[in-house]
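Bear in mind the structure is a predicted one, so any value in this text is a computation, not a measurement. Residue numbering restarts at 1 for every chain, and letters A, B, ... go by the order of the sequence lines.
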There are 2 protein chains.
Amino acid sequence: MLNETAVAALEQTGAAEPEKRIRDRGATERAILKAAKNLLAEEGFQNFGINAVARRAGCDKQLIYRYYGGLDGLVEAIGADLGSWVKDRIPEDTGGMFLLTYGDLMERLSLLFLEALRDDPLMRRIVAWEVSENTEQVRRLSEARSKALGLWLDRMRGSLAPPKGVDTAAVNALIFASIQHLVLAAAAGGQCAGLVLKNGKDWEKAATALKRLVRGVYG
Amino acid sequence: MLNETAVAALEQTGAAEPEKRIRDRGATERAILKAAKNLLAEEGFQNFGINAVARRAGCDKQLIYRYYGGLDGLVEAIGADLGSWVKDRIPEDTGGMFLLTYGDLMERLSLLFLEALRDDPLMRRIVAWEVSENTEQVRRLSEARSKALGLWLDRMRGSLAPPKGVDTAAVNALIFASIQHLVLAAAAGGQCAGLVLKNGKDWEKAATALKRLVRGVYG
DNA sequence: ACTGTTACTCACCGATTGGTGACAGACCGG
DNA sequence: CCGGTCTGTCACCAATCGGTGAGTAACAGT
């Protein structure tokens with residue numbers, strides 16, 4: 001039997017061996033990072049661990065320790081990689097829109113953020129992780145996300161002056177909080193505070209309500 | 001040495017033995033439920049398991065299987081116990097307030113809900129659990145919470161007619177979503193979307209913004 | 001006082017977790 | 001060709017997890 005395995009290894013037919021791990025550190029590092037991101041996006045942070053990542057990446061967990069210094073470093077790498085979120089989420093037709101007032105801007109940003117978060121499972125998991133735990137890992141990841149989001153907002157916002165007499169920081173925090181919780185609750189259970197959110201029609205109603213909310217404070 | 005322990009047991013001085021477990025099924029059941037609730041409220045759902053609950057309750061985990069049928073039954077018992085949330089959270093001065101419009105009502109409800117959620121760690125953990133997982137346990141708990149919240153809203157709401165032309169279900173879902181996420185994020189990291197939420201002054205600003213948001217849609 | 005039921009504890013199981021040290025093979029510079 | 005470094009694999013560790021079966025001590029009924 002020892003002979004058989006040796007012969008198989010020498011042959012490298014690849015039929016039984018789906019992917020022969022070649023000797024390429026860069027590729028392995030990328031595979032690990034990709035596996036971690038996918039695992040986090042699909043399974044959530046509950047079963048996110050060294051063993052699970054290594055299993056999905058198809059390599060030994062020892063390599064995660066060697067290349068990323070353990071789970072913490074890997075999470076940090078995910079956070080650093082989160083910067084790519086910004087350039088993927090900038091629509092091209094910003095010039096074609098006429099954002100005359102702060103209300104126009106916030107309405108557009110809210111809807112864009114809603115849509116962006118709705119089809120980005122990784123980002124959703126990170127947000128859910130943020131409100132569930134307070135470890136060093138999460139703190140780093142949260143910081144990276146906040147930074148990426150801030151950068152995104154900067155890119156989207158023109159040079160519109162915010163209205164006076166309104167605590168825009170607090171109001172906007174509430175608006176974005178509502179969007180995040182809505183999307184998270186919908187992704188988890190298909191509804192939020194009794195409001196069913198499954199098909200496109202449900203989401204249209206939510207978007208209309210969101211517009212109304214934004215227009216209510218920002219004219 | 002065997003003599004020593006025997007003597008100690010007979011003496012029941014209680015100095016070395018903090019709490020001698022007496023033979024009382026009802027008390028034990030209550031101790032388990034209380035331990036589970038406290039554990040969930042303090043530690044979160046991450047380290048919530050049979051062993052941890054039994055450890056905190058100071059009894060053997062076997063009793064949890066016997067009395068509650070495992071963790072699932074225990075979680076269900078927590079959910080059933082959640083009904084007590086309603087009667088604890090109904091202010092006594094409802095008669096003293098004059099809620100003339102739907103806007104008055106929603107403003108008051110929003111602020112009450114914000115305050116209630118802010119000093120109820122167990123409820124916070126459950127909400128965080130809801131948006132993080134989708135197991136049967138969480139689903140049951142979520143249903144119980146939703147029911148309790150609905151009952152609370154019914155008790156608080158008079159017979160005010162909602163305004164026409166507004167999707168109150170969607171708008172209210174957004175409002176409550178914003179409150180929940182704000183409180184959760186604050187409890188986890190002390191801030192929400194860049195808005196620091198630590199001392200009372202911060203929360204006053206948030207409450208003002210919330211009022212403005214509600215008044216914006218409901219006049 | 002004997003008996004059976006109830007309340008409770010203990011010891012063990014297999015599986016999985018995070019983590020580490022030792023080893024095998026490919027590659028490269030000398 | 002040889003020795004060292006780099007990449008990857010494997011075996012093992014203690015700890016913890018959920019779960020179960022067997023055993024013990026206190027009580028109640030007769």
Listing request: all side chain to side chain donor-acceptor pair (under 3.5 Å) pairs with a residue in residues 51-69 of chain A, at least two apart in sequence or in separate chains.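 Side chain to side chain donor-acceptor pair (under 3.5 Å) check on residues 51-69 of chain A returns A:Glu42-A:Arg56, A:Asn51-A:Lys61.
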
Between [N] atom [atom2] and [X] atom [atom1], what is the distance in whole Å?
| X | N | atom1 | atom2 | result |
| --- | --- | --- | --- | --- |
| A:Asp24 | C:dC27 | CG | C1' | 13 Å |
| B:Arg25 | D:dA25 | CZ | P | 22 Å |
| B:Leu71 | D:dG19 | CG | P | 7 Å |
| B:Tyr68 | C:dA7 | OH | C1' | 15 Å |
| A:Ile32 | D:dT7 | CD1 | P | 12 Å |
| A:Tyr65 | C:dA22 | OH | P | 17 Å |
| B:Gln62 | D:dG23 | CD | P | 14 Å |
| A:Asp60 | C:dT20 | CG | P | 13 Å |

Donor-acceptor pair under 3.5 Å: do we get one between A:Arg23's side chain and the base of C:dA26? yes

Short side-chain N/O contact from [X] to OP1 or OP2 of [N], under 4.0 Å:
| X | N | value |
| --- | --- | --- |
| A:Asn51 | C:dT16 | no |
| A:Tyr67 | D:dG8 | yes |
| A:Thr28 | D:dT7 | no |

Closest-nucleotide mapping onto DNA chain C: is A:Arg66 or B:Glu29 further toward the 5' terminus? I mean the 5' end.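 Result of the comparison: B:Glu29.
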
If you assign A:Asn47 and B:Lys61 each to the DNA chain C nucleotide with the nearest heavy atom, which residue ends up on the more 5' nucleotide? B:Lys61

salt_bridge(A:Arg140, A:Asp72) N-O dist < 4.0 Å: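 Judged by the 4.0 Å cut-off on N to carboxylate O distance, A:Arg140 and A:Asp72 do not form a salt bridge.
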
Nearest to the A:Ile50 side chain among D:dT9, D:dG19, C:dG19, which nucleotide is it?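 For A:Ile50, the side-chain atoms sit closest to C:dG19.
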
Residue from B:Arg145, B:Arg125, B:Arg139 passing salt bridge (charged side-chain N to carboxylate O under 4.0 Å, His left out) with B:Glu130: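 Testing B:Glu130 for a salt bridge (charged side-chain N to carboxylate O under 4.0 Å, His left out) against B:Arg145, B:Arg125, B:Arg139 leaves exactly one candidate, B:Arg145.
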
Please identify each residue that fulfils side chain to side chain contact (heavy atoms under 4.5 Å, CB included) with B:Asn199, with sequence neighbours left out.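 So B:Asn199 forms a side chain to side chain contact (heavy atoms under 4.5 Å, CB included) with B:Lys201, B:Asp202.
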
Rounded to the nearest 0.5 Å, how far apart are NZ of A:Lys37 and CG of A:Leu74?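 The distance works out to 11.0 Å.
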
